[in-house]
Amino acid sequence: MLDIKLIREQPDLVRTRLASRHGGDEKAIDTILELDEQRRKLLAEVEQLKAQRNRVSKEIGALMGQKKLEEAEARKQETREIGDRIGELDKRVAEAEQKRDDLLVRLPNLPHESVKFGASAEDNVEVRVWGEKPAFSFQPKNHIELCESLKLVDFARAAKISGSGFLLYTNFGARLERALIQFLLDLHTNQHGYTEVSPPFLVTRDCMLGVGQFPKFADQYYGVQEGLDASTLGKLYLIPTAETPVANIHREEILSEKQLPVRYCGYTPCFRGEAGAAGVGTRGMIRVHQFDKVELIKIVKPEDGYSELEAMVANAEKVLQLLGLHYRVLLLCTGDMGFASAKTYDIEVWAPGQNQYLEVSSCSNCEDFQARRMNLRFKDESGENRFPHILNGSGTALARLYVALLETCQQADGSIAIPPALQPYFKADSIRP
RNA sequence: GGAGAGAUGGCUGAGUGGUUUAAGGCACACGCCUGGAAAGCGUGCGUAGCUAAACACUACCGAGGGUUCGAAUCCCUCUCUCUCCGCCA
């Protein structure tokens with residue numbers, strides 16, 4: 001959520017930055033300011049009345065104490081009317097506030113000043129490239145062919161069980177998935193200083209609101225119902241990413257400055273309905289309703305936000321380097337960033353069988369946008385409560401990593417050569433037909 | 001799912017309609033005292049709104065409603081925690 005004070009004091013700045021995202025959100029600013037003005041006017045009025053009521057009530061108490069009942073009764077008459085007006089005004093304040101906040105929670109974050117203006121993915125900036133596209137002396141297969149020939153994933157039966165967009169890993173395919181998860185968690189906890197967490201996969205709507213998935217994108221996620229009790233529908237949601245539970249771990253808390261930086265990593269499955277998206281249509285593993293991901297989350301002092309973001313990107317890149325996978329890092333332009341982010345780097349890994357790069361990681365600094373929504377603060381050395389920066393990054397998403405790994409590491413004989421870094425986890429150096 | 005007990009500031013813990021403006025204790029910070037420390041004494045010490053800022057004012061005792069001139073306190077609904085029982089991996 002944007003700071004209402006910033007909108008009040010620098011509306012033009014806010015409008016310009018919002019406009020740079022090409023979402024049309026800047027149009028809401030005037031209405032927000034009107035509602036805010038209305039609310040503050042009413043608030044001043046009602047608070048004055050409340051002060052008066054408190055004063056008189058205290059006097060009534062004193063009169064009752066002195067047994068001057070008649071006088072007390074007279075004062076009661078006098079203030080009875082004030083109570084009614086307070087009730088009326090309180091309601092109007094709440095209404096204005098509600099309307100203002102409904103608009104406010106739908107505004108995306110302001111892009112950081114280092115982010116390039118642009119309308120779409122076309123305008124993203126390639127920051128760096130690592131490795132090269134592998135050259136094959138044979139006709140390489142795509143991951144679907146490899147999964148089928150090596151019996152790593154049973155696409156047909158997954159569809160039978162759950163419908164399209166789900167995966168059934170089998171035998172060595174399942175082991176490879178597990179090995180990757182373990183490898184990623186060990187890397188980030190042992191080498192990169194993150195603390196491992198294993199969070200719930202179902203969260204409340206407050207958590208969805210806290211990181212910015214709600215209310216604007218509520219149609220993209222799975223809500224669940226308990227048993228046959230329809231009244232429970234919408235209390236809990238399947239997490240679309242570990243960011244949702246993990247970034248919310250300290251919601252509504254005041255951390256001490258000494259606790260920062262907080263760095264968490266955690267593995268979870270991720271569930272995405274993505275209703276209205278172009279369609280899960282893509283065959284294979286690239287766009288699915290459920291995939292595994294190891295997520296990185298940081299809660300840091302605002303002054304450290306951007307250096308921590310660079311470090312986080314490097315942590316995610318390390319994964320691909322150790323696996324020997326060619327990738328590139330993009331700095332997203334204003335028009336292509338996610339709702340909560342002020343600055344985002346995407347890491348795209350090369351998938352030879354697709355002949356394209358696949359997004360496997362997105363690392364963002366959301367600044368205080370999420371902290372404000374979840375009321376997470378830290379007390380600095382001077383005793384002041386401030387909002388920290390919250391960062392999230394995939395470290396990395398699994399299904400697409402799996403695709404790139406299979407397609408990159410395939411051999412002429414149809415086998416997969418497991419990268420050395422992964423062998424201790426996979427407990428073999430290859431997968432053979 | 002059944003029965004019972006609870007939810008008050010960083011922690012602990014009093015408060016059953018009116019000097020509660022939330023007591024007391026612990027912790028913390030500063031000062032006095034001391035050669036230095038401890039103890040002792042004194043002062044301060046929740047969150048937010050409003051304000052250019054300060055004062056003042058307002059709100060907040062799990063959440064939301066209600067009764068009242070006035071609610072931490074009374075009434076209703078909900079949430080969560082704990083204990084026991086049942087079911088369950």
Side-chain angles (χ1 to χ4, degrees), chain A residues 1-11 32-33 35-101 104 198 200-210 224-237 245 248-260 368 371-388:
Chain A
M1 189 151 62
L2 298 181
D3 187 354
I4 184 67
K5 280 186 191 156
L6 180 70
I7 299 178
R8 253 181 234 152
E9 286 159 18
Q10 302 188 59
I32 289 173
L33 284 172
L35 289 165
D36 182 55
E37 181 63 31
Q38 210 179 90
R39 187 192 82 98
R40 286 196 294 164
K41 240 173 107 180
L42 293 167
L43 195 62
E45 202 179 326
V46 73
E47 285 191 354
Q48 210 167 1
L49 286 175
K50 283 180 180 174
Q52 192 184 340
R53 180 182 70 183
N54 288 347
R55 215 163 35 236
V56 176
S57 290
K58 213 169 279 180
E59 286 169 20
I60 292 172
L63 289 171
M64 304 272 279
Q66 296 161 34
K67 300 251 193 282
K68 297 180 178 167
L69 297 183
E70 261 176 46
E71 269 181 69
E73 210 47 50
R75 312 291 323 247
K76 279 191 197 179
Q77 281 300 340
E78 195 182 303
T79 48
R80 201 157 278 148
E81 198 184 311
I82 296 178
D84 294 342
R85 287 185 60 202
I86 287 173
E88 175 63 23
L89 285 171
D90 265 345
K91 214 192 277 176
R92 289 173 61 194
V93 170
E95 271 168 22
E97 187 170 301
Q98 177 80 51
K99 281 187 199 162
R100 181 195 71 178
D101 290 348
L104 215 45
S198 178
F201 302 162
L202 294 172
V203 295
T204 61
R205 86 178 277 113
D206 283 343
C207 289
M208 300 290 281
L209 261 165
V224 301
Q225 166 177 312
E226 194 180 329
L228 299 175
D229 182 357
S231 72
T232 60
L233 180 62
K235 284 191 172 172
L236 291 173
Y237 295 84
N248 275 291
I249 286 175
H250 297 289
R251 61 174 297 120
E252 291 154 51
E253 292 182 22
I254 300 176
L255 303 173
S256 72
E257 185 168 343
K258 280 179 299 208
Q259 286 173 267
L260 303 182
D368 58 9
R372 190 171 269 116
R373 285 173 164 247
M374 59 178 79
N375 202 21
L376 162 59
R377 289 160 293 171
F378 74 99
K379 196 178 279 295
D380 71 12
E381 277 175 1
S382 68
E384 198 190 338
N385 291 330
R386 295 163 64 198
F387 292 108

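Here is how names work: the chains are called A, B, and so on, in the same order as the sequence lines, proteins then strands, and each is numbered from 1.
With sequence neighbours excluded, no residue forms a ring-ring contact (aromatic ring centres under 6.0 Å, His included) with A/F387. Applying the side-chain contact (heavy atoms from CB on, under 4.5 Å) test to A/Q52 and every residue at least two apart in sequence or in another chain returns A/L49, A/R55, A/I82. Every residue meeting the side-chain contact (heavy atoms from CB on, under 4.5 Å) condition with A/Q98, not counting sequence neighbours, appears here in chain and number order: A/D102.
Inter-residue side-chain proximity for A/R92 and A/E45 is flagged as unmet; no heavy-atom pair is nearer than 4.5 Å. For the pair A/T204 and A/L236, the minimum side-chain heavy-atom distance is below 4.5 Å.
Sorted by residue number, the members of residues 42-61 of chain A with any non-hydrogen atom under 4.0 Å from RNA chain B read A/L43, A/E47, A/K50, A/A51, A/R53, A/N54, A/S57, A/I60, A/G61.
When the P atom is compared between B/rG6 and B/rC76, the two are found 16 Å apart, to the nearest whole Å. On the P atoms, B/rU51 is 27 Å away from B/rG70, given to the nearest whole Å. One C1' atom belongs to B/rG9, the other to B/rG4, and the distance between them is 29 Å to the nearest Å.
Salt bridge annotation for A/R386-A/D368: absent, with no cationic side-chain nitrogen under 4.0 angstrom from a carboxylate oxygen.
On the nucleic acid side, RNA chain B has its first and last nucleotide under 4.0 Å of a heavy atom of chain A at B/rG18 to B/rG70, going 5' to 3'.
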* Structure fact -> For RNA chain B, the dot-bracket notation using Watson-Crick and G-U wobble pairs below 3.5 Å, [ ] for pseudoknot-type crossings and | for other-strand pairs, is ((((((((.[[[..)..(.....]]].(((((.......))))).((((.......)))).[[[[[..)....]]]]])))))))....

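Few gaps surround CZ on A/R80; more than 12 heavy atoms of other groups in view lie less than 6.0 Å from it.
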